[in-house]
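Okay, structure first, notes after.
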Amino acid sequence: HPVIVCAREFGADGFLRTTGKAVRAERLGGSPADGLFWAAGFAFSRGAVVEEVPYDAALEDLFFGEEQAMAARLWSSGWDFYAPTKVIGYHLWTRKHRPIFRENACDAQRRRERASQAAVRLMLGAPQDGLPE
C-alpha cells in the first residue's frame, strides 16, 4: 500500500516526529494525495527546488527540526507536498536495530545542533523555553 507521512508525537526537544501510514491506493482516487509534511528521506521534485529553496547552511548538525524547517520554507516558497498513489520505495522507520550517527556526536556537534534547533524554533514561532538545554 502507498504511504502517507503523518504526525506521530512531539519529542522532548519540541519537534514533531512523523511516521508513515499505509493507505489503500483506491482511496486516493488515482491522484496523489495532498500531504501535510515533508520528509527528507522521501522527497521527490524538480531539480529547481534546490535552487529556489536550498538547504540553510547555517543550520549545522540539524536532525530533528530539519524537516519542519524545510517544510515551512518550501511551502512558503510555493511548493506543495503530495503522497504517491503507489509504492515507490521503502523506509525503515525504526532506528532500534542499529546505532545512529547522533549517538557518537561530540559536545561541539551537540551545541551546534541545539543552536540550529533554536533557530528553527524562532523561524517557526515556537516556544524556546521548557526545552532541554
Side-chain angles (χ1 to χ4, degrees):
H1 295 294
V3 172
I4 293 178
V5 180
C6 301
R8 188 182 77 202
E9 65 190 1
F10 285 93
D13 56 13
F15 287 101
L16 181 67
R17 305 303 194 257
T18 57
T19 191
K21 297 286 183 183
V23 61
R24 292 176 181 255
E26 59 269 15
R27 296 198 80 192
L28 297 175
S31 297
D34 291 338
L36 298 175
F37 306 102
W38 180 84
F42 197 65
F44 304 90
S45 65
R46 294 186 322 268
V49 72
V50 296
E51 292 177 351
E52 292 179 26
V53 189
Y55 267 86
D56 186 341
L59 298 177
E60 297 180 288
D61 291 298
L62 185 62
F63 187 71
F64 292 118
E66 169 205 11
E67 293 173 331
Q68 291 84 3
M70 281 301 292
R73 294 176 60 236
L74 287 163
W75 188 80
S76 64
S77 296
W79 291 85
D80 294 315
F81 313 120
Y82 300 96
T85 58
K86 60 184 176 181
V87 177
I88 58 173
Y90 177 79
H91 180 74
L92 182 60
W93 288 89
T94 182
R95 296 178 186 93
K96 295 178 182 176
H97 67 287
R98 59 176 163 77
I100 59 172
F101 71 95
R102 299 176 78 239
E103 293 172 356
N104 298 318
C106 67
D107 289 339
Q109 287 172 300
R110 288 186 182 97
R111 282 192 299 276
R112 289 190 299 264
E113 181 181 38
R114 284 193 302 270
S116 294
Q117 287 179 328
V120 171
R121 286 187 199 99
L122 184 64
M123 177 184 72
L124 298 176
Q128 295 286 337
D129 58 336
L131 297 169
E133 291 296 324

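Basis for what follows: all heavy atoms, side chains included, without hydrogens, waters or symmetry-related copies.
- Remark: Phe37 engages no residue in a ring-ring contact (aromatic ring centres under 6.0 Å, His included) (not counting sequence neighbours).
- Atoms CG and CG, from Leu16 and Leu124 in turn, are 11.0 Å apart once rounded to the nearest 0.5 Å.
- Val3 places none of its side-chain heavy atoms less than 4.5 Å from the side chain of Val87.
- Here the CD-OG1 distance, from Glu26 to Thr85, works out to 11.5 Å after rounding to the nearest 0.5 Å.
- Residues Trp38 and Gln68 form no side-chain contact, since every pair of their non-hydrogen atoms from C-beta on lies 4.5 Å or further apart.
- In this view, Arg27 satisfies the side-chain hydrogen bond (donor to acceptor under 3.5 Å, both in side chains) rule with no residue, not counting sequence neighbours.
- Within the 4.5 Å cutoff, the side chain of Phe81 has no heavy atoms near those of the Val5 side chain.
- A distance-only check finds a donor-acceptor pair linking the side chain of Gln128 to the backbone of Ala118 [under 3.5 Å].
- Arg112 meets the side-chain hydrogen bond (donor to acceptor under 3.5 Å, both in side chains) test with Asp61; sequence neighbours excluded.
- Under the side chain to side chain contact (heavy atoms under 4.5 Å, CB included) criterion, Tyr82 pairs with Pro32, Asp34, Asp80, not counting sequence neighbours.
- Contacts classified as side-chain hydrogen bond (donor to acceptor under 3.5 Å, both in side chains) and involving residues 49-58 (residues at least two apart or in different chains) are given here: Glu52-Trp79, Tyr55-Glu66.
- The cluster map of Ile, Leu, Val, Met, Phe, Trp and Tyr, joined by side-chain heavy atoms under 4.5 Å apart, puts Val53 and Val50 in the same cluster.
- When side chains are defined from C-beta on, Arg17 does not count as touching Phe10, because their heavy atoms never get closer than 4.5 Å.
- Atom CG of Leu62 and atom OG of Ser116 lie 5.5 Å apart (nearest 0.5 Å).
- Contact annotation: the side chain of Leu28 approaches that of Pro2 to within less than 4.5 Å [non-hydrogen atoms, C-beta and beyond].
- Side-chain contact check for Val23 versus His1: every heavy-atom pair is 4.5 Å or farther apart.
- Closest approach of Asp13 to Arg121, counting heavy atoms only: O-NH2, 2.7 Å.
- Residues Gln109 and Glu60 are not in side-chain contact: their nearest non-hydrogen atoms beyond the backbone lie 4.5 Å or more apart.
- When the side chain to side chain contact (heavy atoms under 4.5 Å, CB included) test is applied to Arg110, the partners found at least two apart in sequence or on another chain are Ala105, Asp107, Arg114.
- Between the OG atom in Ser45 and the CG atom in Leu74 there is a gap of 8.0 Å [rounded to 0.5 Å].
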